[in-house]
Amino acid sequence: APDDAQADEIKIGAIIAETGGAAFLGIPEARTLRMLTDEVNARGGVAGNTIKLIIKDSGGDPAKAVSFAKQLIEEEKVFAIIGPSTSGETMAIKDICDKNKTLLVSCASTKAIVDPVAKHVFKTPQNDSLAVEMIYLEMQKKGISKIAVAVGGTGFGKMGGKFLNEMAPQFGITVLENEVYDPKSTDLSSLVTKFMANKEVEAVVNWSIVPAQAILAKNMRQAGWDVPLFLSHGFGNIKYVELGGAALEGVFFPAGRLLVADSLPESHPQKAVLVKYTTDYQAMFNNEPVSTFGGHAYDAFKILCKGIETVGKADTAMVIDAIENMTFVGTGGIFTLTPTDHSGLKLEAFEMLTVKDGKFALAN
Amino acid sequence: MLKIKNLEAGYGKLRVLKRISMHIDTGEIVTIIGANGAGKTTLLYTIAGMIKATAGEISLYNQNIIRTNPESIVAAGCSLVPEGRQMFSTLSVKENLVLGGYVQRKQKVDQKEELQKIYDIFPVLKEREDQLAGTLSGGEQQMLAMGRALMAHPKLIMMDEPSTGLAPLIVKDIFAIINRLRDAGNTVLLVEQNAKAALAIADRGYVLETGKIILQGPAEDLLNNQDVQRAYLGRDVSTEGAQCELD
Amino acid sequence: MNPDLFFQYMLAGITYGFLYAIVAIGFNIIYNTTGIINFAQGEFVMLGGMFAITLNNILPLPLAIAAAVVITMLIGALLEILFIRWLDNPSVLRMIIITIGLSILIRELALHFWGETVFSLPYFTGNELSTVSILGAKVSPQVLWVIGVSIIMVTALSLFFKFTFTGQQMRACAANRLAARLCGINAKNMVTFSFMLSAGIGAVAGSVISPITYTQYDIGPGLAIKGFTVAILGGLGNSVAAVIAGLLLGLIESFSIIVIPLAFQEAVSISILLIILFVRPHGLFGRSDTASLKEF
Amino acid sequence: MALLEVHNINKRFGGLHAVNDVSFSVSENTIKAVIGPNGAGKTTLFNLISRNIEANDGKVFFQNKPIHSLQPYEIAQRGISRTFQNIKLFHGMSALENVMVGCHPKSRAGFLAGILRLPSSLSEEKMIRERAYEFLDLLGIADLAHLEATSLAFGQQRAVEFARALASEPSLLLLDEPAAGLNIYETAKVAKLITKIQQRGITILLVEHDMSLVMDISDEIVVLSFGKKIAEDHPAAIQQNKEVIQIYLGEDDA
Amino acid sequence: MRQYFPLCIFLALVVLIQLVTQITETAFYLTQLTMSAYYSLLIIGLCTIMGYAGQISLGHAGFFAIGGYLSAGLTTHNLQPFADTGITSLLDKAGLLVSSKDLYGDTLLTVHPWIACIVAISTAVIIALVLGGPVLKLKGHYLAMATLGFGIIIFRIAMATPYFGEADGLSGVPSFTLLPGITVSGDFGARIINYYIAWGTVLIGMLLLINLVNSRMGRALSALHGSEEAAQAMGVNTARAKLLTFVLSAAYAALAGVLLTHYNGSIGPGEAGVMKSVRYVAIVAIGGMAHLWGALIIGTLLNFMSMRGLFGSYDDAVFGIILILIMLFAPQGLLRLHIWKHIQKIKPKKHGTA
Ligand SMILES: Nc1ncnc2c1ncn2[C@@H]1O[C@H](COP(=O)(O)OP(=O)(O)OP(=O)(O)O)[C@@H](O)[C@H]1O
Ligand SMILES: Nc1ncnc2c1ncn2[C@@H]1O[C@H](COP(=O)(O)OP(=O)(O)OP(=O)(O)O)[C@@H](O)[C@H]1O
Ligand SMILES: [Mg+2]
Ligand SMILES: [Mg+2]
């Protein structure tokens with residue numbers, strides 16, 4: 001833990017995949033962190049301390065994440081680490097951070113990051129199980145009970161697949177088909193054909209975070225198959241909608257409210273946060289649309305700041321204490337963190353969204 | 001037509017050719033003889049532009065070609081039949097020949113006729129027309145290498161040990177061909193191990209030893225030169241050669 | 001299996017096959033001239049797609065593609081001139097390693113130029129939803145574009161290498177560069193030309209497949225590996241063989257999903273390829289006598 | 001019985017019958033030459049004996065044991081060594097190292113012994129090195145020992161190959177055109193060398209187009225033409241053989 | 001003995017670096033030095049099969065992954081739920097299992113790291129043996145393709161198998177006590193000892209390989225690299241020589257995988273990725289192909305810089321540039337000093353021409 005007696009600068013490390021296969025996660029995350037650091041420092045810092053952000057590009061490689069975590073902890077003596085972007089990397093450094101009493105706020109979604117709870121480890125993305133619940137509730141409403149599941153071959157997809165299968169019986173749903181596709185897929189028509197061959201399938205869930213998820217949607221429609229298609233909260237990027245074009249019209253997916261900030265009523269507690277983040281981000285980065293991934297980094301950074309502000313200094317144990325008793329309004333939802341819940345988001349963090357005329361819209 | 005002055009060349013730091021000066025006139029057969037490793041091949045490659053000279057001059061038709069690339073030298077009418085044959089081994093015999101005629105492409109020559117001329121000289125090649133050059137027998141490859149060079153209609157043709165690996169009958173043919181080439185107005189620079197045969201048809205000769213020209217002159221003179229006879233023509237070979245280094 | 005389904009799988013397989021083959025063709029050109037596999041070939045495909053997409057913002061589609069092809073060809077030539085042309089007698093391995101380095105560099109430059117975002121060209125005909133029915137199976141018209149373009153390119157290239165003088169010269173350079181020079185062939189120009197040609201073909205490929213596969217700065221290696229696999233399986237240097245090998249691989253991949261989870265698909269298809277390679281060490285259509293005469 | 005016996009060996013390349021039912025034998029401690037026009041199948045015959053290529057049918061016996069289904073390296077281990085018409089030196093290795101590889105069949109140290117640097121392998125290594133020097137010396141190229149073999153001049157490369165083949169201390173040595181590219185003086189040296197090797201008890205089978213060499217040193221000559229054996233006799237008889245003169249030697253050969 | 005001289009210098013350097021970091025209180029550098037040591041172990045093995053024997057392998061990351069994943073899988077998967085089933089209890093009685101408590105207080109029953117290590121390396125060796133036979137018959141690009149294919153297969157299996165954690169890989173890999181007091185572990189407290197374990201392993205590995213390339217077998221390898229046909233004609237069983245070397249290099253890669261995985265406490269599928277293999281091959285090329293020291297030094301430097309994140313987001317770009325520059329201007333490798341060769345070349349030449 002850093003020596004806080006004379007701390008007028010708080011070092012925060014970030015291990016982010018700015019390059020490599022997960023760059024589509026890491027780049028908005030890194031941008032958001034840089035933007036927020038400047039903003040906070042411009043306002044005089046947190047509890048009187050300026051923040052020094054040290055971003056390490058892991059390229060999505062767990063071995064590098066381990067190396068960087070050790071560097072940040074030991075050499076830089078950072079107060080906390082934000083990231084990594086992927087669950088594999090996070091799991092690789094979870095124990096290292098916990099053993100060495102350094103806060104870790106991950107931007108990856110796997111439930112295993114906070115279950116079992118490690119004292120020093122938190123995460124901001126919504127739990128997959130909640131998103132699954134959202135989808136299954138929607139299916140119940142629509143009277144769908146037999147589904148096929150395709151997941152992208154990443155940590156995100158893996159967890160989604162796990163929960164989709166585990167939770168299906170609770171909702172009276174049967175998963176008839178399961179497939180994992182390569183994140184770098186170029187075409188998925190054989191997968192679609194296989195699903196189609198099962199005439200009982202009433203809906204498809206496509207759980208993925210990678211661009212290839214748009215390919216699956218396209219291939220389904222091209223094969224002339226128009227069962228309802230549900231996507232995960234990893235569909236959080238308007239780019240994917242542009243890619244899928246007409247094929248993505250009418251899909252359903254649960255998501256935080258970041259993507260539909262404009263359509264929220266003024267009274268919604270998240271509205272101000274979301275609109276500010278969106279306008280700031282777009283102003284800073286050339287109108288680049290916001291994605292939920294950047295939002296995860298936003299929440300991680302803000303939770304840390306809020307914790308430090310509450311305590312008034314960067315004392316690890318005290319800040320953890322503060323975070324564990326915190327309610328925080330972020331981009332992903334309203335976090336209620338407790339000693340046993342280091343994720344803090346509930347079902348109401350989600351809305352069910354759809355795509356209408358090439359734009360995100362509330363489904364109901 | 002070819003003039004060389006104080007030429008130096010080598011490989012990296014190794015200096016192989018040392019201040020070589022020589023000349024070849026149009027219509028001549030000139031031969032270079034010398035022991036293994038004397039630098040004959042190096043000299044031919046340097047003339048052909050494949051090895052960059054470090055000093056000196058080479059002029060072909062009074063054009064300095066010391067900085068010219070090999071392609072242009074061939075186009076200027078100077079072809080090399082390289083040592084070790086250098087086939088396009090994965091191409092057919094016919095394709096090898098056609099490529100040999102590459103520099104003639106603008107001359108609107110009749111390719112069939114051209115090929116036939118070569119096949120007349122080397123009938124085996126006709127039989128092997130579609131075989132991959134790399135699978136030819138050693139002698140067949142040697143013939144192909146010569147045929148390929150002839151396809152370019154060179155005015156100066158340089159041959160690096162053309163008789164290597166050829167059957168005695170064919171060797172005679174080769175020398176006959178060289179004679180015919182000269183009669184047809186070509187100039188020939190011939191490097192040969194078979195010094196006797198080479199000097200027999202050549203007009204003039206040079207003797208190369210460890211990168212230097214130590215003797216030169218009309219072929220007959222060289223044939224009659226004591227040293228040449230002893231070193232390259234096999235006079236006294238039975239007595240002297242036997243003693244050398246073996247015991 | 002009912003026939004509809006069978007044809008649907010088959011069409012999927014054919015789609016994959018041609019996607020792979022169209023990338024593989026580019027490999028063969030440079031191989032035929034230099035005897036090397038150009039590891040940056042995937043990047044040519046990426047660049048073609050990217051330029052076409054960028055230019056399509058200001059130009060109509062056909063013009064954008066044409067311009068992208070030209071630009072990529074120039075880049076191909078430039079790369080060769082800067083990084084290979086001036087080397088004296090570069091060994092095969094040296095050139096291969098240089099192309100690996102180039103592929104990394106181009107990808108990084110593309111990342112900084114276009115960002116990590118995924119792009120796509122619009123469908124040449126119709127849109128994401130349009131389909132063509134063949135024997136009861138449905139397929140996007142863009143697939144027909146890919147097939148058509150591949151077939152045209154393969155035919156043109158085969159004729160080019162077999163029958164044109166330039167084609168022969170290019171093969172001569174690969175067979176024996178020294179001899180090629182002694183025949184008066186400007187081997188360096190041939191190599192530059194082959195980089196240009198294969199960059200152009202990569203760019204065409206990158207444009208036609210973009211609506212199907214999307215284009216991103218890092219699609220190169222994935223496509224290149226498949227293209228390389230197919231080029232090798234067919235027997236290097238032979239574009240027709242690459243198409244056949246591509247179809248074989250595509251069909252294996254497409255039908256394998258019936259019995260094997262998709263996640264293992266590539267492991268299985270590559271295993272089958274390896275077994276084929278063990279039985280036919282020079283690819284399906286490669287000549288063993290040719291191969292045994294090659295230095296690498 | 002003869003050292004090497006070849007029975008009805010055949011090799012076809014597509015439509016070409018490169019070696020057609022050839023039989024002959026080589027007696028211990030003799031020099032036998034194979035001659036014939038270019039493309040007659042001489043090199044192919046060598047390749048069949050050394051098993052670099054697979055025969056279509058036929059048998060080969062060496063020291064009364066069949067060797068026609070062995071691997072090429074086993075042939076070498078049995079005591080048959082060879083040189084190549086298109087010189088095949090190990091590039092990237094010095095002349096000395098090339099010759100040291102030649103000592104392979106007559107040395108033992110295996111993979112493990114090498115990795116662990118067992119004392120036995122060390123002394124063997126020393127012996128190999130000395131032996132290699134000896135052979136380089138014998139060929140008169142000891143001063144080239146440390147040069148990269150493939151950068152030597154043609155004739156020097158031939159000598160290295162010769163030394164390499166000798167280093168394996170074979171009972172039978174196959175020489176494919178050992179004098180090609182050598183001048184008359186050097187050729188004579190090679191002739192002397194070959195006889196000297198023979199005196200050491202090594203049997204020699206030789207392909208060569210240089211008749212001065214062949215007629216001088218060989219005890220017997222086999223003539224091939226278009227893959228067929230057309231004659232087998234003593235040099236003097238071959239020189240008089242009409243057919244051989246017509247297809248190969250030419251009228252006024254020395 | 002002359003070839004051992006560099007080894008001694010190297011050993012001294014290893015100790016010196018450690019002492020310097022101790023004095024300057026920069027011991028944290030040892031973390032990345034340890035990691036790069038393990039990658040270098042793989043690279044020198046690859047250098048032997050590729051540089052010396054001339055057989056390109058684009059699949060060595062696969063062997064690394066086999067080592068790392070098997071050892072990680074066996075030492076992390078909890079056998080407690082099966083504690084009473086036949087095989088598990090049998091293994092337990094044989095002392096092959098260890099029981100421990102994880103960070104959260106649950107009891108874990110896992111395979112002993114030593115057993116896991118042996119299983120992992122043997123598996124890699126067996127796979128290399130089985131694969132090597134047919135694969136090494138291939139040449140040039142076809143060989144490159146086959147080994148690349150092998151790498152892809154391993155990558156896909158790691159990605160698709162729940163036992164290996166699919167895309168997430170495996171984490172929570174316990175430390176590995178080699179001998180009492182000598183433990184491979186990523187704890188900050190165990191850093192110095194781990195530095196010496198890693199470099200000790202590399203040094204021994206290097207010693208063995210230096211012996212090999214200077215032996216009769218090593219010469220046979222270079223020979224078959226030069227001309228396989230001629231090597232056979234000289235009595236070299238080329239197939240066997242290639243296979244043994246391939247297996248040896250696979251064992252090096254697997255050992256590196258095992259040790260690094262225990263050191264990091266985790267492994268991800270990226271370790272088996274094609275790009276990793278390509279990177280290893282490129283490093284061997286930069287080092288000068290048939291040059292163990294070059295491979296070792298370049299491998300260590302590049303991996304060290306990369307693991308330190310020295311080039312930030314330009315890690316790959318810098319690597320690409322280095323690769324191109326060296327291939328353009330120093331194709332024999334950066335570290336191939338010609339001094340010795342020149343001296344040897346010039347000396348006899350003078351006698352020859354005199
Ligand atoms: N590529 C090379 N690199 C370094 N040295 C070389 C190279 N080629 C030849 N040499 C050296 O240059 C010298 C001359 O070689 P060159 O090939 O010109 O001789 P030559 O007269 O043609 O001999 P031969 O009659 O045997 O063909 C020799 O000492 C040889 O070792
Ligand atoms: N791999 C092959 N494929 C096809 N034909 C071949 C192959 N190898 C050799 N040949 C042919 O077989 C015949 C015999 O070749 P071989 O090399 O044995 O001849 P040779 O008697 O050694 O001739 P030379 O004296 O010219 O070396 C030749 O006509 C050659 O073209
Ligand atoms: Mg020469
Ligand atoms: Mg022959």
With only heavy atoms counted, which part of [X] is less than 4.5 Å from chain C, the side chain, the backbone, both or neither?
{"X": "A:Glu249", "value": "neither"}
{"X": "A:Gln222", "value": "both"}
{"X": "A:Asp182", "value": "neither"}
{"X": "A:Ala214", "value": "both"}
{"X": "A:Leu248", "value": "neither"}
{"X": "A:Ile215", "value": "both"}
{"X": "A:Lys218", "value": "both"}

Counting heavy-atom pairs closer than 4.5 Å to chain C, which one of A:Gly153, A:Ala212, A:Gly244 comes out on top?
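Result: the option with the highest number of such pairs is A:Gly244.
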Interatomic distance, [X] atom [atom1] to [Y] atom [atom2] [nearest 0.5 angstrom]:
{"X": "C:Gln142", "Y": "A:Asp187", "atom1": "CD", "atom2": "CG", "value": "11.5 Å"}
{"X": "C:Ile212", "Y": "A:Asn219", "atom1": "CD1", "atom2": "CG", "value": "9.0 Å"}
{"X": "A:Ile27", "Y": "C:Leu111", "atom1": "CD1", "atom2": "CG", "value": "5.5 Å"}
{"X": "C:Tyr9", "Y": "A:Met196", "atom1": "OH", "atom2": "CE", "value": "10.0 Å"}

Can you tell me which portion of C:Pro211 sits under 4.5 Å from chain A's heavy atoms? Options are side chain, backbone, both or neither.
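Just its backbone gets close to chain A.
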Contact class of C:Glu266 relative to chain A, heavy atoms under 4.5 angstrom:
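C:Glu266 has no heavy atom closer than 4.5 Å to chain A.
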Using a cut-off of 6.0 Å, state whether more than 12 heavy atoms not belonging to C:Lys138 lie near its atom NZ.
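Open: at most 12 neighbouring heavy atoms sit under 6.0 Å from NZ of C:Lys138.
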Crowded around C:Trp145 CH2? As in, over 12 foreign heavy atoms under 6.0 Å?
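Result for CH2/C:Trp145: open.
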Can you spot which of C:Thr117, C:Ile219, C:Val118 makes a side-chain contact (heavy atoms from CB on, under 4.5 Å) with A:Pro211?
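Going through the options one by one, the only one that passes is C:Val118.
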Side chain to side chain contact (heavy atoms under 4.5 Å, CB included) between A:Thr193 and C:Leu5, worked out:
CA-CA 7 Å; A:Thr193 311; C:Leu5 212 54; 3.8 Å; yes
Nearest heavy-atom pair of [X] and [Y]: which atoms, and what distance?
{"X": "A:Tyr181", "Y": "C:Leu262", "answer": "CB-CD2, 3.5 Å"}
{"X": "A:Arg221", "Y": "C:Leu129", "answer": "CB-CD2, 3.4 Å"}
{"X": "A:Ser189", "Y": "C:Tyr16", "answer": "N-OH, 3.4 Å"}
{"X": "A:Ala246", "Y": "C:Glu128", "answer": "N-OE1, 3.5 Å"}

Side chain proximity check, A:Glu179 to C:Ile257, heavy atoms < 4.5 angstrom:
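With C-beta onward as the side chain, the pair touches.
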Find out whether C:Phe119 and A:Lys239 are in side-chain contact, i.e. whether some heavy atom of one side chain is under 4.5 Å from a heavy atom of the other.
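Contact flag for C:Phe119/A:Lys239 side chains = no.
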For chain A, the option from C:Ser120, C:Ser254, C:Ser256, C:Ala137 that forms the most heavy-atom pairs under 4.5 Å
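The residue among C:Ser120, C:Ser254, C:Ser256, C:Ala137 with the greatest pair count is C:Ser254.
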